[in-house]
Amino acid sequence: MDRLVRVFSHQDELITLEGGYKDEYETFKSLDSLPAEKLLRFQQLSLNLLQDLEQPHDRKKCTERSRSLREEGNIVFRGNGSGSPPDPDRVLNACRLYTGAVFEAEDALDELALAFANRGMALQEYGYYREAYDDCANALEFGYPERLRHKVIMRQAHCAWKLEKTESLEEHLRCLEQLQLNESFKQQLEDLKEKLQLLKNQSNELDSLEESKDRDLEEIHTDPGQRGRYMVAKETIARGKIIFTERASCFVPLEQRLICQQCAATLMSAPIPCSKCHQRVVYCSRKCREAHSAIHRYECAAYQRDLLKLVGVSHLALRLVLTYLPQMLPHLQEGTSAQEIWNAIIDMIKKPEAREITPEYLLSLRMVSHLDKASQAELVYHILCANLLQLYLKEHTVFFDQFHSSSASTKDWQLITSALILRSAGQLLANGHVGDALLPVGLEPNEFALLQPGLWQKPRHLKLGQLHNLAHSELITAINLPYLSLCNHACAPSIRTKFNGCSVFNYAARDISAGEEIFNCYTRDYKNSLKLKRSEPLKEVYKFQCSCAKCTQTNPDRDFLNFHRYRCEKHNCRQEFLPDAELQRNNLSWWLPSNADNLIICTVCKERQYFAWYNDFLDLVESCADSSKRQALFQAFDDLDKWLVDHHILKRNLAEELITACFVEMDEGTSLDKKDFENLARIIRKQLEGTAAQCGDTSMEYIAQMTFLWDLIALRKCQSDKKEILELKGKLEYLAQEQSEVFLNYYNDFIEQQCK
Ligand SMILES: [Zn+2]
Ligand SMILES: [Zn+2]
Ligand SMILES: [Zn+2]
Ligand SMILES: [Zn+2]
């Protein structure tokens with residue numbers, strides 16, 4: 001990062017943005033007209049940086065690390081066999097080590113092939129047939145030894161049978177028939193041939209039904225003034241109904257998290273890395289790797305240099321350009337100069353067409369940008385990022401080859417590419433979305449949920465009592481959703497957005513009447529923030545002042561302050577009061593270390609509140625392994641009502657501390673008694689009530705906390721009735737499909753039977 005800052009500040013000294021910012025194209029045109037010597041020095045700085053970022057790669061070391069992990073995996077996979085009890089996580093642990101071997105091998109292909117083959121073997125035993133099938137194909141692709149290939153193909157055939165993929169099975173059996181096999185393999189071949197016949201006799205049901213796609217509930221209106229394009233309800237929409245869905249073709253993982261680069265899958269048992277860019281890019285399947293190759297061929301060299309994490313939002317901007325430019329190209333072929341091409345792009349943006357046929361690239365090109373309002377430093381940063389990425393494409397990829405048949409020169413296309421990256425970056429700053437998912441608590445960015453020891457009993461089925469360990473809500477993608485971006489902002493959003501990989505489902509968050517505008521919320525909503533607090537990012541990033549119904553009502557902070565009501569601790573007062581936000585420097589969370597100086601003063605008697613009970617409570621949480629301390633803790637929780645009114649946010653924070661601590665104790669083997677569980681269940685339910693009040697009963701916060709209750713019900717440690725169980729099950733609608741599947745398995749394995 002320091003290196004980038006140094007280079008950028010040198011470059012900044014060389015350029016001038018004369019006459020202020022006009023548009024993306026003019027910016028790079030004026031850069032291009034720098035005096036030759038200056039321009040050369042300017043570009044050389046970028047080129048040197050790209051060279052410096054190259055990383056040494058020692059194939060011998062890769063081979064050694066990979067082999068040693070694979071051998072360790074072999075030992076684990078075989079088990080100790082010597083009479084000690086079998087390790088239930090044996091196969092999964094082996095998969096984990098083999099995955100390490102796959103990653104470390106990088107382009108040491110001999111090792112890579114062996115690592116894939118061994119992982120395929122372990123995956124097959126565990127029951128991940130689709131993944132095992134892919135790993136066999138991977139092993140063959142990377143040169144698995146000829147004399148042993150029949151083993152891998154046999155395994156593939158077996159998995160194809162399990163997956164009921166008749167054609168693949170047939171093909172593998174044909175291939176095996178050509179090979180010299182020993183008796184045992186001949187027998188296996190005969191078995192599989194019989195199985196193929198049985199499969200063929202089964203009637204072939206249609207397996208994929210076209211998803212019906214109705215976008216009839218909403219439509220886009222255009223206001224020539226401030227409001228611009230906005231979305232309204234065509235008819236009355238009931239709460240909980242899906243208003244519209246959108247599938248994004250561009251996203252990037254946040255914080256270097258290893259999720260599938262094609263479909264954003266987060267739950268992977270057999271991630272397939274690109275073997276060239278140092279374990280930074282993975283796919284959930286060969287299919288996804290294939291589908292993403294059109295993009296990754298231009299990004300691989302950048303990942304090798306770890307360049308993309310340096311450029312922030314410009315990485316997603318680059319992806320937009322890599323994805324959309326080939327789609328736009330047919331309309332731009334005629335242009336003989338950069339200026340003509342740019343004009344053609346602007347014409348496309350301006351020309352209206354029916355919504356149904358609007359391609360994603362046009363929706364994206366039309367998104368609002370505030371680069372013209374950005375500070376000089378911010379603007380220069382984005383210009384330099386765009387320039388760096390364009391030069392990277394020129395020097396280290398074949399990106400510009402696709403323009404050979406066009407009338408303009410490569411130089412022209414370089415200018416256009418820089419301008420488009422800058423344009424996308426500016427638009428994404430104001431329109432980019434962030435997708436979330438539930439992941440295991442404490443999962444490292446380079447670890448994989450389905451390989452975590454202690455959690456799983458079989459593929460995608462958690463062990464009893466483990467659901468709460470899969471309940472950490474995390475931001476995982478930066479994603480471009482141009483249709484959703486058409487929704488204007490209000491502090492009380494009309495939609496609840498569910499992220500499902502790279503698709504979103506937008507549910508009506510409340511009843512919406514016909515003709516009403518549909519709003520998204522770009523910041524924390526009115527129940528979760530002070531007006532003053534949320535107007536900062538709205539002004540900073542989105543460049544407007546909110547005048548929504550919540551911000552303009554007489555007491556705009558009323559709904560937020562509702563979760564901050566105290567009862568004075570002075571004996572002669574004991575009045576209910578709301579803290580004075582101004583006195584609190586607009587930060588009411590005095591319990592956070594950073595706000596230690598923000599005193600709370602009773603607004604009735606003007607006495608300072610000392611909250612002596614706060615540290616006592618945390619001390620009890622610390623020592624909740626002890627049964628009597630635990631009793632005291634539950635009592636202390638009930639006592640909070642003396643000072644914290646209703647669903648005070650601090651009460652919920654403390655409930656979370658308490659619940660988490662008790663579950664940690666359970667995970668570590670402390671046994672709780674009947675009374676403990678009764679208390680725990682009561683507190684979780686109270687917690688859920690409070691979360692529903694502030695965040696909504698379909699929020700990720702709610703679902704994450706719900707897992708604790710599910711675990712208690714599954715463990716038969718708390719009473720529940722059919723109504724409650726079905727209500728909780730209904731929340732799965734709001735989870736991404738891969739997480740929802742795991743939750744549903746858990747429900748079927750442990751909870752349904754109790755639903756009498
Ligand atoms: Zn995928
Ligand atoms: Zn790569
Ligand atoms: Zn507002
Ligand atoms: Zn008082």
Side-chain angles (χ1 to χ4, degrees), residues 54-55 57 102-103 105-107 112 142 227 252-253 256 258 260-262 271-283 288-290 292-309 315 319 322 392 396-397 487-494 517 519-539 541-542 544-560 565-580 583 599-611 642-643 645:
E54 256 164 60
Q55 296 180 356
H57 171 56
V102 164
F103 275 61
E106 301 200 22
D107 60 349
L112 185 59
F142 292 111
R227 193 145 65 147
V252 295
Q256 321 283 298
L258 292 181
C260 178
Q261 290 268 357
Q262 172 65 22
I272 301 173
C274 169
S275 59
K276 296 198 185 73
C277 49
H278 312 316
Q279 317 179 22
R280 296 188 179 116
V281 167
V282 301
Y283 305 100
C288 277
R289 188 186 67 176
E290 178 61 35
H292 193 63
S293 63
I295 299 298
H296 191 62
R297 60 200 289 239
Y298 303 132
E299 282 191 355
C300 190
Y303 271 113
Q304 285 165 33
R305 289 167 175 76
D306 222 355
L307 169 66
L308 298 169
K309 72 169 186 200
H315 180 195
R319 233 174 233 196
L322 294 179
Y392 152 78
H396 299 282
T397 76
C487 288
N488 281 327
H489 165 88
C491 298
S494 4
E517 180 164 359
F519 292 107
N520 191 5
C521 178
Y522 302 169
T523 56
R524 294 181 74 77
D525 69 20
Y526 73 106
K527 283 184 181 172
N528 284 281
S529 60
L530 285 166
K531 178 183 168 184
L532 192 82
K533 277 281 169 190
R534 65 180 178 268
S535 47
E536 282 167 21
L538 290 177
K539 212 181 289 163
V541 182
Y542 304 97
F544 71 86
Q545 195 143 23
C546 188
S547 54
C548 77
K550 294 298 175 187
C551 286
T552 48
Q553 66 187 7
T554 32
N555 193 350
D557 291 327
R558 185 179 59 206
D559 298 281
F560 173 71
R565 274 152 62 208
Y566 293 88
R567 190 178 306 286
C568 179
E569 62 190 29
K570 299 296 162 199
H571 289 292
N572 49 359
C573 179
R574 298 299 284 138
Q575 298 299 307
E576 224 181 276
F577 72 93
L578 288 174
D580 183 337
L583 214 65
L599 306 183
I600 298 272
I601 313 280
C602 169
T603 51
V604 182
C605 70
K606 312 292 178 207
E607 289 284 340
R608 180 187 163 186
Q609 309 288 300
Y610 286 91
F611 305 124
K642 293 182 193 162
W643 306 288
V645 179

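Both ligands and their constituent atoms are indexed starting at 1 by order of listing. Predicted, not measured: the structure shown is a model, and the values here were computed from it.
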query: Is the shortest heavy-atom distance from the side chain of Cys551 to the side chain of Lys531 under 4.5 Å?
result: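 Yes, side chains in contact.
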
message: Is any side-chain heavy atom of Ile601 closer than 4.5 Å to one of Asp580?
response: no

message: For a quick test of reading the model, state the closest non-hydrogen atom pair linking Phe611 to Glu569 and the distance between them.
response: N-OE1, 3.1 Å

Checking side-chain polar atoms at under 3.5 Å, does [X] have a donor or acceptor matched by the opposite partner on [Y]?
| X | Y | result |
| --- | --- | --- |
| Tyr526 | Gln553 | no |
| Asp306 | Gln55 | no |
| Ser529 | Arg534 | yes |

- prompt: Would you call the rings of Phe544 and Tyr542 parallel, tilted or perpendicular, where under 30° means parallel and over 60° means perpendicular?
  reply: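 Phe544 vs Tyr542 ring planes: tilted.
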
- request: Answer yes or no as to whether an N/O/S atom of His489 is found below 2.8 Å from the Zn ion (ligand 3).
  value: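 Not a single backbone or side-chain N, O or S atom of His489 is under 2.8 Å from the Zn ion (ligand 3).
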
query: Under the 3.5 angstrom rule, does the side chain of Arg280 hit a backbone N or O of Tyr303 as a donor-acceptor pair?
result: yes

Apex the Zn ion (ligand 2) - arms SG from Cys274 and SG from Cys300 - angle rounded to 10°: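 Rounded to 10°, it measures 110°.
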
query: In degrees, rounded to 10 degrees, what angle do Cys277 atom SG and His296 atom NE2 make at the Zn ion (ligand 2)?
result: 100°

- line: ang(SG Cys546, the Zn ion (ligand 3), SG Cys491) rounded to 10° is 110°

field: Metal site the Zn ion (ligand 4), protein N/O/S atoms found under 2.8 Å
entry: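 Step by step: take the Zn ion (ligand 4), keep protein N, O, S below 2.8 Å, and you get 4.
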
